[in-house]
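No hydrogens, no waters, no symmetry mates; every other heavy atom, side chains included, goes into these values.
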Amino acid sequence: MKRFFFLCLLCLAVLLPGCEPIENGGKVPPEQESYGELIGTFYEEGRNMTLRLMDITGLYQEVAYLTGAVPVNHTRFDELPTQLKETVKSYGLASPTQVYRMKWHGETVYHLLCFVKDDITGVYKPSGERIIFPSFEAYLQFLQEVSDVTCLLLIDTELVKKAVDAPNLLIGTWQTDWSHLHHDIGSGRGSGIDETVNLYPDLPFSLTEVCHFEKNGTGYLRTVKTFKNGKKEVSLDPFTYYLTNYQTQTGDINFHNYSYICCFAAGDTIEYTARSLDDFSRVFDRSFYHVTYPWYKQKSDPFSNENGDPKYGIPAKDKKSPIVGRWTGIAKSAALVFGIRTYTVVFRSDGTGYLLSGRQFYQSFAYTVDEKKGDELQLTLYKYDTGFYTDDGFWEEGDWTYSYVPQPTPKGKPMKVKVYDSQNSLELEGWTQQDAHQNRTPIVFKRVSR
């Protein structure tokens with residue numbers, strides 16, 4: 001089983017202040033400088049992307065292997081056995097990779113672990129020959145028999161972004177709401193199937209967002225909260241935007257993929273993705289999830305007469321709700337996911353917010369505070385502008401297949417939250433980091449005031 005949730009969060013950057021208008025494809029606000037040592041930069045023709053492989057082993061003295069904590073004996077890529085280098089490189093280009101050395105039946109072997117490859121297929125001799133296990137039970141026996149396990153190398157993978165001279169297919173008006181659902185994306189039946197399914201029908205309101213992109217690098221995001229009694233709450237957030245990456249792929253699936261930074265007038269800076277299987281002629285998604293509520297192209301903004309104050313800035317402290325604010329947490333796990341990760345979560349007083357990994361957008365959400373006892377709050381989160389999984393009630397997983405669930409009943413997810421330290425520290429249920437001995441400690445989010 002692979003760590004799908006953490007794959008979605010593998011992004012390292014920092015939030016930036018507002019930025020000045022420039023032409024698309026020109027100089028863009030920089031991301032945080034990479035940490036670790038550069039192994040090399042490689043172009044992947046099949047995926048039409050350039051990747052940097054970074055050696056981040058120096059962050060650790062011990063890490064978690066499959067059988068427990070093991071020491072780190074940092075060995076640089078160039079010092080690996082010559083016949084093993086190409087295999088390690090191919091693993092690293094696929095996804096962040098761990099390289100371990102150990103003794104087995106008196107011989108030295110290497111075990112490569114990678115998010116998108118099965119652990120059982122990653123055992124190699126120094127000659128580069130893969131050791132094939134006749135059964136999963138034989139592999140488990142191997143894990144019990146190995147000794148002198150040490151971690152040699154931890155590789156992080158970074159995308160080299162490029163948008164110079166990229167065509168801007170984002171230009172125009174796009175709308176997403178809690179009614180129009182898109183599923184079976186990339187299943188061989190075109191760009192997906194559209195249905196009308198109300199998202200979170202138990203909530204007293206629904207949300208619609210309209211995003212407009214001008215050719216000159218300006219635009220706006222209009223958010224309309226519509227209550228069941230017809231009342232509306234509207235916010236309008238002007239922004240400047242810059243394309244930071246453009247990628248195309250042809251073959252079994254043809255798609256266009258953009259990364260772009262929105263510098264909101266109220267102060268937020270967020271990097272988004274937009275992917276389309278139909279040349280952005282009708283629809284785009286944040287990523288190719290099996291089920292999503294995507295952005296549909298519109299001839300004009302249906303809410304052009306609805307205006308309101310901007311909200312994509314830093315929420316001030318709220319005496320009525322201690323959770324309101326912008327919170328940033330930094331994690332350095334020595335198990336499962338390696339490296340330094342920066343996460344930001346924003347809770348606004350209007351019951352909406354969003355989650356970032358670095359400066360990369362992960363999802364928006366609405367939330368309710370259901371109970372408060374001392375420092376602890378019981379919330380329900382209602383995510384949107386993202387993908388939905390098996391436990392969201394939209395699709396089910398079979399034998400290597402996924403299928404859409406007819407008549408889904410989407411519901412919010414409960415979450416416990418602790419606010420303390422004079423309302424300047426925050427802990428979210430389920431957000432932890434692990435040390436080499438698999439001990440979990442909470443990620444502490446600190447309030448950001450500017």
Test item: side-chain donor near acceptor, His256 and Tyr246, under 3.5 Å: yes
Gap between atom OG1 of Thr75 and atom CG of Leu153 - 0.5 Å precision: 8.0 Å
Stepwise salt bridge (Lys or Arg N to Asp or Glu O under 4.0 Å) check, Asp421 with Arg447: CA-CA 10 Å; Asp421 185 26; Arg447 184 184 292 274; over 6 Å; no
Aromatic contact, Phe394 with Tyr289 (centres under 6.0 Å): no
Donor-acceptor pair between Glu44 and Thr50 side chains, under 3.5 angstrom: no
Residue pair Asp148 / Lys103: nearest heavy atoms and the distance that separates them: OD2-CG, 3.7 Å
Distance, nearest 0.5 Å, that separates OG1 of Thr368 from CG of Leu381: 8.5 Å
CG-OG1 distance between Leu113 and Thr97, expressed to the nearest 0.5 angstrom: 8.5 Å
Heavy-atom side-chain proximity of Lys311 to Asp350 below 4.5 angstrom: yes
Salt bridge (Lys or Arg N to Asp or Glu O under 4.0 Å) between Asp435 and Arg440, worked out: CA-CA 7 Å; Asp435 65 17; Arg440 292 180 178 269; over 6 Å; no
Over 12 non-hydrogen atoms of neighbours within 6.0 angstrom of NZ in Lys162: no
Do any side-chain atoms of residues 313-320 form donor-acceptor pairs under 3.5 angstrom with protein atoms, and if so which ones, sequence neighbours left out?
| unit_1 | atom_1 | unit_2 | atom_2 | d |
| --- | --- | --- | --- | --- |
| Lys317 | NZ | Ser422 | O | 3.3 |
| Lys317 | NZ | Asn424 | OD1 | 3.4 |
| Asp318 | OD1 | Lys320 | N | 2.8 |

Taking every non-hydrogen atom, the tightest pair across Ile323 and Leu426: CG1-CD1, 4.2 Å
Stepwise ring-ring contact (aromatic ring centres under 6.0 Å, His included) check, Tyr293 with Trp178: CA-CA 7 Å; Tyr293 284 76; Trp178 286 11; 8.3 Å; no
Thr386 side chain to Tyr384 side chain, donor-acceptor N/O pair below 3.5 angstrom: no
Test item: Thr342 side-chain N/O and Ile330 main-chain N/O as donor-acceptor pair under 3.5 Å: no
Enumerate, atom names and distances included, each donor-acceptor pair closer than 3.5 Å involving a side-chain atom of residues 122-143, sequence neighbours excluded.
| unit_1 | atom_1 | unit_2 | atom_2 | d |
| --- | --- | --- | --- | --- |
| Ser127 | OG | Glu129 | N | 3.4 |
| Ser135 | OG | Ala138 | N | 3.1 |
| Gln141 | NE2 | Glu145 | OE2 | 2.9 |

Working for side-chain hydrogen bond (donor to acceptor under 3.5 Å, both in side chains), residues Lys383 and Ser364: CA-CA 6 Å; Lys383 68 177 184 179; Ser364 292; over 6 Å; no
Side chain proximity check, Trp395 to His183, heavy atoms < 4.5 angstrom: no
Minimum heavy-atom distance between Leu221 and Cys211, given as atom pair plus value: CD1-CB, 4.1 Å
Centroid separation Tyr100 to Tyr110 less than 6.0 Å: no
CD/Glu79: more than 12 non-hydrogen atoms of other groups inside 6.0 Å: yes
Smallest separation among heavy atoms of Glu209 and Thr223, with atom names: OE2-OG1, 3.8 Å
Note, Leu59 side chain near Ile340 side chain (heavy atom, < 4.5 Å): yes
His111 and Asp119: side chain donor to acceptor below 3.5 Å: no
Verdict with supporting geometry, Lys373 and Glu376, salt bridge (Lys or Arg N to Asp or Glu O under 4.0 Å): CA-CA 5 Å; Lys373 291 183 179 180; Glu376 294 188 353; over 6 Å; no
Whether over 12 other heavy atoms sit under 6.0 Å from Gln61 CD: no
Euclidean distance, Thr57 OG1 relative to Leu154 CG, rounded to 0.5 Å: 4.5 Å
Tyr367 ring center within less than 6.0 Å of Tyr382 ring center: no
Between Trp327 and Tyr343, ring centroids under 6.0 Å: no
Atom of Cys151, atom of Val70 and distance for their closest heavy-atom approach: N-CG2, 4.3 Å
Steps toward side-chain hydrogen bond (donor to acceptor under 3.5 Å, both in side chains) verdict (Tyr242, Thr244): CA-CA 6 Å; Tyr242 317 98; Thr244 55; over 6 Å; no
Non-hydrogen side-chain atoms of Leu428 and Met415 separated by less than 4.5 Å: yes
Separation between CG of Asn245 and CE of Met49, rounded to the nearest 0.5 Å: 8.0 Å
Cation-aromatic face contact Arg348/Tyr312, 6.0 Å, 45 degrees: yes
Residue pair Ser259 / Lys161, side-chain donor-acceptor N/O under 3.5 Å: no
Criterion salt bridge (Lys or Arg N to Asp or Glu O under 4.0 Å) on Asp78 and Lys89, from CA distance to verdict: CA-CA 11 Å; Asp78 287 341; Lys89 186 178 86 171; over 6 Å; no
Ionic contact status for Glu429 with Lys416, cut-off 4.0 Å: no
Between Tyr354 and Asp385, a side-chain donor and acceptor under 3.5 Å: no
Side chain to side chain, Val346 and Thr352, heavy atoms closer than 4.5 Å: no
Side chains of Lys117 and Ser95, donor plus acceptor under 3.5 Å: no
Heavy-atom pair of closest approach, residues Ser333 and Tyr60: O-OH, 2.6 Å
Residue pair Leu277 / Asn254, side-chain heavy-atom distance below 4.5 Å: no
ring-ring contact (aromatic ring centres under 6.0 Å, His included) between Phe365 and Phe347, worked out: CA-CA 9 Å; Phe365 57 80; Phe347 293 95; 5.4 Å; yes
Ile270 side chain reached by Arg359 side chain, heavy atoms, under 4.5 Å: no
Ring-ring centroid check Phe213 Tyr260, cutoff 6.0 Å: yes
Any side-chain donor near an acceptor of the partner, His180 and Asp194, under 3.5 Å: no
Distance-only donor-acceptor check, side chains Gln247 and Tyr258, under 3.5 Å: no
Pairwise distance CG(Asp184) to CD1(Ile193) - rounded to 0.5 angstrom: 4.0 Å
Ile261 side chain near Cys263 side chain, heavy-atom distance below 4.5 Å: yes
Basic-acidic side-chain contact under 4.0 Å: Glu233, Lys225: yes
